[in-house]
Amino acid sequence: MQLIGAMASIAASRQAARAHEQAGVDQARAYKEQAAQAESAAKDKELERLVKIRKVLASQRAAWSASGIDAGTGSPVTVAQRSYQMFELDQGADLINTRAQIRSFNNSADAAIRMGRIKARGSLMSGAVNALNTWNT
């Protein structure tokens with residue numbers, strides 16, 4: 001009877017260990033998916049900013065042309081340069097934020113796998129202790 005109890009305890013701990021490891025892998029997969037989504041969203045934002053800056057610059061050029069201002073000299077060039085500088089600043093800030101977010105998701109994925117493995121080892125150790133206790137009683 002003790003042997004059956006010990007074997008049942010070991011089998012249960014193995015099943016729990018597999019479940020913990022799979023949970024870690026599943027959580028890691030979810031974090032990796034979030035990282036990919038963050039990267040995709042950043043690319044979408046970049047395209048939106050490019051379209052917006054092109055519209056702004058085209059609108060400025062049209063307004064200057066209608067006013068008879070030479071776009072090659074003077075303040076219109078300064079305005080256009082500032083608009084482009086703001087675009088570059090927005091682009092750089094978004095890139096930094098996206099990389100930090102992706103790094104965070106990837107670190108969380110690695111931690112989820114490690115945690116699943118730690119829990120799995122704990123389940124196996126608990127099963128072994130329970131098996132010994134069953135055997136010794």
Side-chain angles (χ1 to χ4, degrees):
M1 195 59 137
Q2 292 173 335
L3 178 62
I4 292 173
M7 290 177 66
S9 180
I10 290 172
S13 69
R14 282 185 177 167
Q15 185 176 5
R18 280 193 290 271
H20 286 306
E21 282 196 40
Q22 187 60 47
V25 168
D26 292 343
Q27 186 66 44
R29 187 177 303 121
Y31 284 127
K32 297 280 185 181
E33 200 171 295
Q34 286 178 312
Q37 289 172 352
E39 186 175 9
S40 178
K43 288 178 182 178
D44 290 345
K45 284 182 188 177
E46 179 181 357
L47 287 175
E48 288 173 12
R49 278 193 300 277
L50 280 170
V51 168
K52 184 178 177 181
I53 190 66
R54 287 182 181 147
K55 285 181 180 179
V56 167
L57 292 175
S59 174
Q60 289 171 351
R61 286 187 193 119
W64 299 331
S65 179
S67 300
I69 298 173
D70 179 12
T73 60
S75 64
V77 172
T78 304
V79 171
Q81 287 173 341
R82 285 189 188 136
S83 295
Y84 189 73
Q85 286 170 348
M86 288 305 297
F87 163 77
E88 286 181 326
L89 288 174
D90 287 346
Q91 191 74 1
D94 196 48
L95 180 63
I96 289 168
N97 290 336
T98 301
R99 284 183 179 165
Q101 189 178 28
I102 289 170
R103 190 175 323 112
S104 174
F105 285 134
N106 286 333
N107 288 342
S108 295
D110 293 341
I113 289 174
R114 283 193 304 274
M115 189 53 108
R117 289 178 182 160
I118 289 169
K119 287 180 179 180
R121 283 192 294 269
S123 293
L124 291 174
M125 289 172 61
S126 175
V129 168
N130 288 339
L132 284 175
N133 287 340
T134 302
W135 189 262
N136 290 330
T137 58

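Just so it is clear, the model here is predicted, and its values are computed rather than measured. Because only heavy atoms are used, hydrogens play no part in the values below, and waters and symmetry mates are left out as well, while side chains stay in.
Residues satisfying the side-chain contact (heavy atoms from CB on, under 4.5 Å) test with V25, not counting sequence neighbours, are Q22, R29. Under the side chain to side chain donor-acceptor pair (under 3.5 Å) criterion, S13 pairs with no residue at all, not counting sequence neighbours. Under the rule for a side-chain contact (heavy atoms from CB on, under 4.5 Å), the partners of I10 that lie at least two apart in sequence or sit in another chain are R14, A131. Applying the ring pair (Phe, Tyr, Trp, His ring centres under 6.0 Å) test to Y31 and every residue at least two apart in sequence or in another chain returns nothing. By the side-chain contact (heavy atoms from CB on, under 4.5 Å) test, Q91 is found to be paired with E46, R49, F87, residues two or more places apart in sequence or in another chain being considered. For K52, the salt bridge (charged side-chain N to carboxylate O under 4.0 Å, His left out) criterion is met by no residue, not counting sequence neighbours. Under the side-chain contact (heavy atoms from CB on, under 4.5 Å) criterion, K43 pairs with E39, not counting sequence neighbours.
Under the 4.5 angstrom side-chain criterion for Ile, Leu, Val, Met, Phe, Trp and Tyr, M125 has no cluster partners at all. M86 belongs to a hydrophobic cluster with L89, counting contacts under 4.5 Å between side-chain heavy atoms of Ile, Leu, Val, Met, Phe, Trp and Tyr, direct or through other members. Hydrophobic cluster membership for L124: none, as no Ile, Leu, Val, Met, Phe, Trp or Tyr side chain comes under 4.5 Å of it.
Atom CG of N106 and atom CD of Q34 lie 11.0 Å apart (nearest 0.5 Å). Note that CG of N130 and OG of S123 are 10.5 Å apart. Values are rounded to the nearest 0.5 Å.
Between the T98 side chain and the D94 main chain, a donor and an acceptor come within less than 3.5 Å of each other.
Counting only residues at least two apart or on different chains, no salt bridge (charged side-chain N to carboxylate O under 4.0 Å, His left out) pair has a member in residues 96-110. A salt bridge (charged side-chain N to carboxylate O under 4.0 Å, His left out) check over residues 113-135, counting only residues at least two apart or in different chains, returns nothing.
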